[in-house]
Structures are given as C-alpha cells and as structure tokens.
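Only one structure is covered here, and it is reproduced in the block below.
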Protein chains: 2
Amino acid sequence: MNAAPPPSGSSPTLEDVARAAGVSRATVSRVINGIRNVDPAIQEAVRQAVAATGYVPNQAARSLVTRRAGVVALVVSGASGEEPGEPSPGQVFTDPFFGRVASGIIGFLRPRGIHPILMFADDAETRAQVLTYLRQGNADGALLVSTHAEDLLPRLLADAGLPAVLFARPAEPIPISYVDVEHRTGAKLAADHLVARGRRRVATITGPPNLPAAQARLAGFRDAMAVHGHPYIPCAEGNFTYHSGEAAMERLLAEHPGLDGVFAANDVMAQAALFVLRQHGLRVPEDVAVIGFDDSSVAAASRPALTTVRHPVEDMAAEMARLLLARVDQPERPATSIIFEPALVVRESA
Amino acid sequence: MNAAPPPSGSSPTLEDVARAAGVSRATVSRVINGIRNVDPAIQEAVRQAVAATGYVPNQAARSLVTRRAGVVALVVSGASGEEPGEPSPGQVFTDPFFGRVASGIIGFLRPRGIHPILMFADDAETRAQVLTYLRQGNADGALLVSTHAEDLLPRLLADAGLPAVLFARPAEPIPISYVDVEHRTGAKLAADHLVARGRRRVATITGPPNLPAAQARLAGFRDAMAVHGHPYIPCAEGNFTYHSGEAAMERLLAEHPGLDGVFAANDVMAQAALFVLRQHGLRVPEDVAVIGFDDSSVAAASRPALTTVRHPVEDMAAEMARLLLARVDQPERPATSIIFEPALVVRESA
DNA sequence: TTGAAAGCGCTAACAA
DNA sequence: TTGTTAGCGCTTTCAA
C-alpha cells in the first residue's frame, strides 16, 4: 500500500499526510503529537501515511502556534567587567570540563528533540543579546556555564524572569536554579582515604582562589585532615592546568621533600603531579599517594591510573537540562537547586 | 509622542506597530527588512513606532514564510565506525582549537543575527539526526568540524545536497566546501627559520599519523629541511597533547642528545618541549631553538614565548560561516574551498 | 510608493 | 473519537 510520493521540490505537509491516510489534518496532528483518543486503526493508518510521504513536522509552523522554540541557549558566560587577561569564552573549551557539560546536556536534550544554541556572553553587549534572544522567544530558556563567580548574567536572567539554570552555585544568592556538587564532601573523601592509607605528611594542590568550587575543595580537605589530627596542610596554588600542576608539585616537593600524599583539586593537575613525582624518582603510590578530583577522562588514562573524586558533571548537566525544561513547562515553578554527592573512585595512585 | 505601551503578557506584533505608526503591516515589514521604495518620512515614523512599542520580530513566523531558520548547525563529528578508544565528541573540546573555531564562527554569525546549534555526530544514528534536522529546515546548513579524516558525514551531507562547509580538507575528494591552511608552507617557514638561525641538528615532534594535517606538517618540514641539505630528520610522534609532547621530547633527547632545534606540530607540544628542555638544563633558544604551530593562546603565554607558525583558525572559521551563508542564499553555488596562508610569528624560543 | 489579502504549516478550540 | 475552523505573526504577490 503505497501512497503518492511527496511532491518533489517541497516537503510534504500535514495536509498531504491527511489526504494519504484519508483523515483530517487534526487527526494526523494528534497522532504525531501522541495525543490519546485516537482510534488505534487510524493511528496505524496515519503512521503508514507518514512513512509513505516521508513527512517531517515543520518546526517553524509548530513554534508559531505553540510558542515554544524547541531550542535552548547554552551560554558560556565570562567576565563581569573588562578586566584584561581573563580567559575569553573560547578558552573555556580548553578544559575537559566543558566537553562533559555539553555531552550531558546534549544527551538529555537530543532524545526530546531539543537542541542547544551556543552563545558567548562576556560583556554588557553580548549579555544584552542573550536576554533579547530569549525574550524574542528564539530559545525557551538558558543553560549557563560561568567562567567567573562574579558573572552578572545570572542576575539579569533572574530579574527578567527568564527560565535559566546555572552550573554551580552563584557567588551571591540569586533566585535562580542551579546544580552543583558537594565539593567539601568530595575533598573529605580524599582526606579520609589518604589517612586510611596511612599517609601522615600530606599536601594539596589547589585551584584558583577566586573560584568558590576550588575554595570549597581546599576547605573541605583541610577540615577533614584537621579532624584526623593534621591541622596544618601545605598547599600550592594552581589554576587547573597541567602546567600549573607541574609547577605546584615542584614547589611542594622543594619545600616538603618528605611528603607521602597529595590531593590535587582536579585530575589534570594530579596527572601533572604524577609526572613530576616520577621525574623525582618517587613511586606512586608506594612513596607518595596521589588523589585527583573530577574523574575526568584523563583519570583512568593516567599511569598509574588515578584515584580520584567523581564529579558527576554529565549527570549534573543533564539535570540542568531537566530543570530548565520543567521550568519552561511550568513558568511559575520556583527556583530549585540540586546538589550532587561526589564519590571516591579508587584506582592505583592511592 | 508616546505610542501605547505593548499589551502586557504578549509581545507586540507587526500589527501593533502598524497601528502605532498609522500605516499598514506591509509597510512596517518593508521598513524592518530594509526594502527600498519606502518614503523616508514613513520610515522614520515606523522606526519610532518600533521603538515605542518595543517590537521584535517573531522568528518562527518569519521562518514559516521565508523558509530560513536563521540558525546553522555546528557539528562536531567523530568516528566513522565503532572503533573503541576514540575520543568522544565531548573530548574534542579539550583542545584549544575548538574554542577558536567556535569563537570565529560566532564572531561572524552573531552580527548577522544567526546562531549556531551545537550537535554531536559520532555514529550512524546521530549522523542521520543531523541530516534529518537539516532537511526539516531547522537549520539552514552545517558547519562541520571532524575529529577524524574518515568521517562519513561530509559525504552524506554532500549527497543530500545540503549546504555544508568543513574545517579542513576531507581525506577523499568530496564535492563540498572547506577551508584549510597550507600546512606544508607553514612547516617550511619553521624549517627555514631554524636553518637561518644556524641550527643543524634539528628534530620534530609530530601529530597523529592518521591526521592529514599532521602529516602535511611533517612532510613539509622534512622536504624543506632536505632542500637545506638535511635529508634525515629525527622525529617522535605525539598526539597534540601536552603529555604526549613531554614524552616525545624525552625520547628525542635520549636518542639525539646533541640536537639544537625542535619543530613541534602544535603549540601545546612545543610548550611541553620547553618544559622538558629546561628540566634537562638546556637553554631555549641558546642551546635548543623551539618552534611550535598554531599560534594558540599558549604560545604567547609560554616562557620563553613561543616562536610559532600562525594558523589563522578564527579567520578560517569565520570564512566557513561566510561560505555557508553564501551557499544558503545561492543553493546552486558550487563547492568552494579557501586555503589560508600561514605566517611565522617570531617570539623568543627560536 | 502603499495597502489589501492570501497564505506559510501547524495546533487547539469547538462542534458534531 | 473525529472533523471544521480559526488563527499564530510574518512576507509577498497583486492592485491601486
């Protein structure tokens, strides 16, 4: 049973499908949108007609009446002001982190037929563009990844009442949804493990001090070590890059040659620490135990494989998308935040 | 002279603006779309009315009639098959490269009111989704960044007659537009510079052998050195990561302790080489000259600052967008490729 | 140069 | 349960 092929040159419409199935446009629409109260036999006929005609819904026509774009904005949002030397939005991509966020978001959105529009916002003008874009209804909401705690965009979004979800808690309380991980708990897991492994001269490589997440990891680690009777923990500051991790590990070794355990605030720096320790002839984990943070792709690939704290970035990103869609469907929904629990992933390095 | 404020709850339409300006919808539309043959006085009146009402065009309504989405797909396309251990699309982001591409594309598209939708394609199903998405008219065309030379998507796109532009030449000839840089010439610039600086024992750190760009850089370097009378050039393979660069430099040093010049196939590996050389007590550029490739953000940030070959990624990405838009406006336009010329950027390392 | 009017393809009342 | 119908907001002939 073959219906007429679609008229070449332009794609088939609901009308064509309706004609092919011998029903009305409305019925076809109901079937396509999965609305009940359609006779199973007719449903089947419609489905056949759809297949026969090669019909695909026209999103523009649909958006026009539903007032849903079927698109959300994925905003990489940067500096609050004009301080020079800050990473440009493009550089954000350098961190494995952004790829995980994007994967998590796309993984959730794609099955739902929704796609993220990539936008950068790093000054007043581009922030305004994001707002305008959303207000025009070009996108149904925004998923925000800030590179700075002082980012102004979250507040603007909240004030405008636009649906938005942040990755990571904003520096100041803002009525806006976000997802985050319990950084302190994660750091505590690392501390407990190091102590359980009998390490007594432990140091840490931290992230940038202006990043709340980095500070929480440091504070959590220090507090937990204090509980274990180690009130003083040497630390060296890094900025989450491999290079900074190497430098930090070198400094730590120079000042504390006898250390037997290191907690790095992310895996990339932990990997760098591994490299430096080996160069100094130290064995991991025999001489020095190393724990990272994130459980990013480099952790399992390191030699020795990195014991690390799992930061469920993909799950968190998917949750961002879920929260956003819920808010889009239900605009009066209050802001919600979801805090994920980290977990220790024990491999070889500690 | 204040027109009535827009009815709260829903945004103003053309109709509202027309009423406020005392003209017809059609005229307002003409003014908004910059079509001539509109009385200047009326144009001004319309502009005032637009400002007064806060009107912004509804993209869905516009798309419905123009058949233009105002959106293009930015596709990160991966493996051709199911080989395990390959980088997932999300990992692509790890390279500073992708951020530069995204920046270049957004920089060109944004002023034109067009935005990129981020899509991953790494298996048959996701490739099909990209095709469907484009066929539905959700996006007007595709900008493709492949992580593999054997990517199947370019061919599918070309066969479907969909507007698309690739970053980098496809492995096999395909009737599809692309932008690329003259890798061989860039490598030659590095070779010439090294020789001009009096280096005679030169080695190179390469990229992955399955990547055409990496091979072109290697071949170009070898050929140029051969012309200078150095038919044999030691090389160590890396995969463009810092870590692999360190390992490669170590191997090179172990096998050729007397070398006095290194050309690395990208800046990240060159930076790693810098680090390893310093650890071996070698001065750069006095003992060993180092040249990178890309002129990415790490080049200027290295110590010593990296002499490198400029890969105009942002310009190339902007050109991709320009080519795509031209093709969208003019579907019969044949595939075009634009090859950029690299340039040597001399800093401190060579 | 301007306006009237006909849709673009779809969803959602409302009727039947 | 199904069909009829009225738009969603815009562009674009076609007349005037």
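Below, chain A is the first sequence line, B the second, and so on; all start at residue 1.
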**Message:** By nearest atom, which of the nucleotides dC10(D), dT11(D), dT11(C) is closest to the R25(A) side chain?
**Reply:** dT11(C)
**Request:** Select one nucleotide: of dC8(C), dC10(C), dA12(C), the one nearest the side-chain heavy atoms of A26(A).
**Result:** dA12(C)
**Fill in**
Side-chain atoms of S29(B) come closest, of dG3(C), dT11(C), dT11(D), to dT11(D)
**Prompt:** Any side-chain heavy atom of Y178(A) sitting closer than 4.5 Å to one from I339(A)?
**Reply:** yes
**Asked** Taking CZ from R68(A) and P from dC10(C), how many angstroms apart are they, rounded to a whole number?
**Response** 19 Å
**Request:** Name the residue closer to the 5' end of DNA chain D, choosing between A61(A) and T66(B) according to the nucleotide with the nearest heavy atom.
**Result:** A61(A)
**Asked** Of all the choices, dT2(C), dC10(D), dA12(C), which nucleotide is nearest to the side chain of R62(B) once you look at every atom?
**Response** dC10(D)
**Complete:** Which of dC10(C), dG3(D), dT11(D) is nearest the side chain of V23(A)? It is dG3(D)
**Request:** Measure from CD on E15(A) to P on dG3(D) and round the result to the nearest Å.
**Result:** 12 Å
**Asked** Atom CG of D39(B) and atom C1' of dG3(C): how far apart are they, to the nearest Å?
**Response** 15 Å
**Message:** Counting only side-chain heavy atoms from C-beta out, which of dT11(C), dC10(D), dT2(D) sits nearest to N33(A)?
**Reply:** dT11(C)
**Prompt:** Is the shortest side-chain N to carboxylate O distance from R30(A) to D39(A) below 4.0 Å?
**Reply:** no
**Item:** Closest-nucleotide 5' rank along DNA chain C - winner of L64(B) and N37(B)
**Value:** N37(B)
**Nucleotide nearest R30(B) when distance is taken to its side chain, options dC14(D), dG7(C), dC8(D)** = dC14(D)
**Message:** Whether the D151(A) and S77(A) side chains hold a donor-acceptor pair (N or O, under 3.5 Å, no angle test) is what I'd like checked.
**Reply:** yes
**Prompt:** Ion pair present between R322(B) and D315(B), side-chain N to carboxylate O less than 4.0 angstrom?
**Reply:** no
**Prompt:** How long is the line joining CD of Q43(A) and C1' of dT1(D), in whole Å?
**Reply:** 11 Å
**Item:** Atom-to-atom span, CG of D16(B) to C1' of dC8(D) - whole angstrom
**Value:** 13 Å
**Which nucleotide in dA4(C), dC10(C), dC8(C) has an atom nearest any side-chain atom of N58(A)** = dC10(C)
**Item:** Side-chain N,O (T27(A)) to OP1/OP2 (dG3(D)) below 4.0 Å
**Value:** yes
**Prompt:** Side-chain contact, heavy-atom cut-off 4.5 Å: F167(A) with V179(A)?
**Reply:** yes
**Asked** What is the distance, rounded to the nearest whole Å, between atom CD of Q59(A) and atom P of dT11(C)?
**Response** 9 Å
**Message:** Quiz question: going by heavy-atom distance under 3.5 Å, is there a donor-acceptor pair between the base of dG9(C) and the side chain of R67(B)?
**Reply:** no
**Complete:** Among dC10(C), dG3(C), dC10(D), the one nearest any side-chain atom of T13(A) is dC10(C)
**Asked** Taking the side chain of L14(B) as heavy atoms from C-beta outward, which of dG3(C), dT11(D), dG9(C) is closest to it?
**Response** dT11(D)
